[in-house]
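Below you'll find the structure, written out as structure tokens, and then a few comments.
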Amino acid sequence: MAVLLLWMIVPLVMTVWFSFQRYNLLDPSADAFAGIDNYVFLVTDPDFWVSLTNTLILLASVLAITVGLGTLLAVLFDQDFPGRGIARVLAISPFFVMPTVAALIWKNLMMHPIYGVFGAIARAFGLEPVDWFAEYPMASVIAIVSWEWLPFALLILLTAVQSLDHEQREAARMDGAGVFAQFFFITLPHLSRAISVVIMIETIFLLTVFAEIFVTTSGGPGNATTNLAFLIYARALLQFDVGGASAGGVVAILLANIVAFFLVRSIARRLEV
Amino acid sequence: MATVTLRGLRKSYGPVEAIKGIDLDVADREFVVFVGPSGCGKSTLLRMIAGLEQITSGDLLIEGARVNDVGPADRGLAMVFQSYALYPHMTVRQNMGFALRLARVPKAERDRKVEAAAAVLQLQPYLERTPKELSGGQRQRVAIGRAIVRQPKVFLFDEPLSNLDAALRGQMRIELARLHEELQATMIYVTHDQVEAMTMADKIVVLQAGRVEQVGSPLELYHSPANLFVAGFIGSPRMNMLQSEVAGADATGVAIDVGPGARIVVPVQQGQVRQGDRVTLGIRPESLAAYDEGQLAGTVRLVERLGGMTLLHVGTEADLPLIVQTDGADVTSAHAPIRLAVDAAACHVFSADGLALPHLATHRLVARPEA
Ligand SMILES: Nc1ncnc2c1ncn2[C@@H]1O[C@H](COP(=O)(O)OP(=O)(O)O)[C@@H](O)[C@H]1O
Ligand SMILES: [Mg+2]
């Protein structure tokens with residue numbers, strides 16, 4: 001228990017401690033208590049607000065895409081059709097690809113204007129290939145991260161769909177529910193718990209997306225795809241400002257906790273049902 | 001006039017035929033029970049009527065109109081499922097009003113209908129609860145209420161009582177019979193429990209392996225089973241079946257030796273049966289009685305005292321096991337020798353192909369004379 005506590009507390013306390021220090025790796029002698037200077041510097045830094053917004057945009061978009069598409073695919077894959085087993089395996093396999101590799105694949109094989117598949121398709125139709133990471137950097141990152149997380153959502157939601165008592169759906173059919181009414185009145189409420197679980201787990205990971213951004217856009221162009229995780233990295237290891245980075249880290253922890261608090265509360269309420 | 005007519009109804013799952021051609025007429029306001037062992041196709045047949053299962057061939061008519069290609073919601077039927085299939089996230093009120101809501105019935109009218117149905121089933125105190133806050137019996141009633149609210153032409157039930165305990169099952173049986181009378185509705189009820197079939201049905205349809213074995217009133221099936229299967233399936237404890245040989249057959253009946261020097265003459269039409277043929281003699285447990293001058297001698301092996309009645313398990317001299325039903329005051333003890341009298345008029349004779357030889361006289365409780 002004590003070990004566990006230390007395990008959790010020490011890095012946290014050190015992060016909080018550094019966030020109040022003036023501590024730059026380029027000038028270690030200059031360390032001193034900085035008070036809330038680091039935070040003031042942080043919140044007055046336009047990059048910080050941009051990165052905060054980017055973090056939330058990335059989170060919300062990927063959640064919307066994976067949950068929406070995941071639900072749809074889960075319902076489709078629950079139907080009987082030839083080749084269903086293979087289709088399921090294919091749909092779920094991206095989950096086993098490492099984020100770095102996934103990002104590299106997308107960057108070089110899919111979205112690259114010259115070598116990428118999308119570029120080839122565009123040329124086949126006589127269109128100008130799009131340089132995705134230059135023109136739509138955020139959308140590109142969202143696409144990659146969604147591609148990675150869709151299988152996870154699908155897996156959880158498909159299991160949930162399959163656990164739906166088929167007599168319930170038949171009762172609804174007899175009650176006059178069409179395909180859409182069945183989906184909205186029977187399937188969706190049944191999935192609500194699984195959807196909450198997907199949202200909670202994805203949120204924890206999506207707040208700290210890093211490898212995909214590092215590999216593809218490095219937070220750019222400018223700061224267009226800099227999220228909190230990348231900002232902290234940039235502060236600490238590109239600008240060697242450990243104090244500032246720690247302050248960013250504390251903010252990230254707070255943000256994660258606020259989001260998690262609301263999520264856990266709403267989900268705990270669901271799980272009671 | 002809510003009649004249901006089945007004409008040569010068949011259902012195949014790939015190469016497997018689950019329903020092998022069924023003809024049946026369900027009259028208006030009739031309570032028809034499909035009964036048969038597990039896997040005989042009762043649910044499949046009911047689901048074909050409901051529209052949940054495609055009909056492979058044959059015709060299904062409701063009120064004289066062919067409905068093979070009409071969707072389940074538009075056939076004017078309501079179904080109560082074995083699992084109840086209540087919508088877990090809706091309250092009792094929403095569950096019962098769901099069909100009306102989908103049909104865009106105004107809320108006031110919807111509430112009025114739901115409350116009327118709830119009153120019939122004594123569900124008013126539970127209208128705002130969700131299904132998980134109800135007991136098994138209450139859930140069952142909500143499922144029935146959901147059907148009543150739609151005012152269907154025909155009610156379909158698929159083993160609705162099989163998840164209830166014995167006491168509740170008895171109570172719900174009575175309640176369903178009351179509902180049938182009160183609603184004046186046509187009902188088709190599926191069960192594997194012959195007690196439910198016997199107590200509730202106007203007409204029983206005995207199914208086996210996708211075929212109809214016999215259709216008739218409960219007492220018709222009990223007193224004039226058409227074949228060995230029906231004879232063994234209807235009645236508890238089971239009918240005693242004795243492999244025997246015909247000792248003689250004439251216009252007064254078929255004579256069978258049930259033991260050395262113990263000949264009984266069963267008053268059935270002799271038909272194709274001749275002396276020396278192998279037949280099965282069927283004797284209901286209550287057609288046997290302990291009697292000092294009885295034709296059959298044997299030894300009591302086991303005594304089951306049920307209070308109101310006693311079951312004697314007897315081994316005859318020819319070592320055939322027999323169950324004898326006597327009254328609760330019977331004092332016979334195990335291992336005692338016993339002589340049994342056979343009520344020959346109540347016995348049944350089945351020829352080698354399993355079909356019953358028709359009785360010469362019809363049982364006085366069976367209204368319809370045998371053909
Ligand atoms: N969807 C299905 N696919 C293949 N066979 C089925 C299907 N549904 C039922 N059957 C078969 O049809 C037969 C009758 O089943 P069912 O109607 O459920 O029996 P019961 O309700 O009398 O117990 C069974 O042998 C069962 O295996
Ligand atoms: Mg069944």
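So you know, we letter chains A, B, ... as the sequences are listed, proteins then strands, and number each from 1. What you see is a predicted model; the values in this text were computed from it and never measured.
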**Message:** In the structure I gave you, are the side-chain heavy atoms of A:Glu170 and B:Arg47 within less than 4.5 Å of one another anywhere?
**Reply:** yes
**Part of B:Leu77 within contact of chain A (heavy atom distance under 4.5 Å)** = both
**Item:** Region of B:Ala50 that comes under 4.5 Å of a non-hydrogen atom in chain A
**Value:** both
Would one find more than 12 heavy atoms of other residues, nucleotides or ligands at under 6.0 Å from atom [atom1] of [X]?
X: A:Phe180; atom1: CZ; value: no
X: A:Phe152; atom1: CZ; value: yes
X: B:Gln54; atom1: CD; value: no
X: A:Phe183; atom1: CZ; value: yes
X: B:Glu181; atom1: CD; value: no

**Message:** Please find the pair of heavy atoms, one from B:Leu102 and one from A:Asp175, that lie closest to each other, and give the distance.
**Reply:** CD1-O, 3.6 Å
**Fill in**
Residues B:Ala85 and A:Asp165: closest non-hydrogen pair is CA-OD2, 4.3 Å
Strictly distance-based, threshold 3.5 Å: is any side-chain N or O of [X] a donor or acceptor partner for the main-chain N or O of [Y]?
X: B:Arg150; Y: A:Met174; value: yes
X: A:Glu167; Y: B:Ser83; value: yes
X: B:Tyr87; Y: A:Ala172; value: yes
X: B:His89; Y: A:Phe185; value: yes

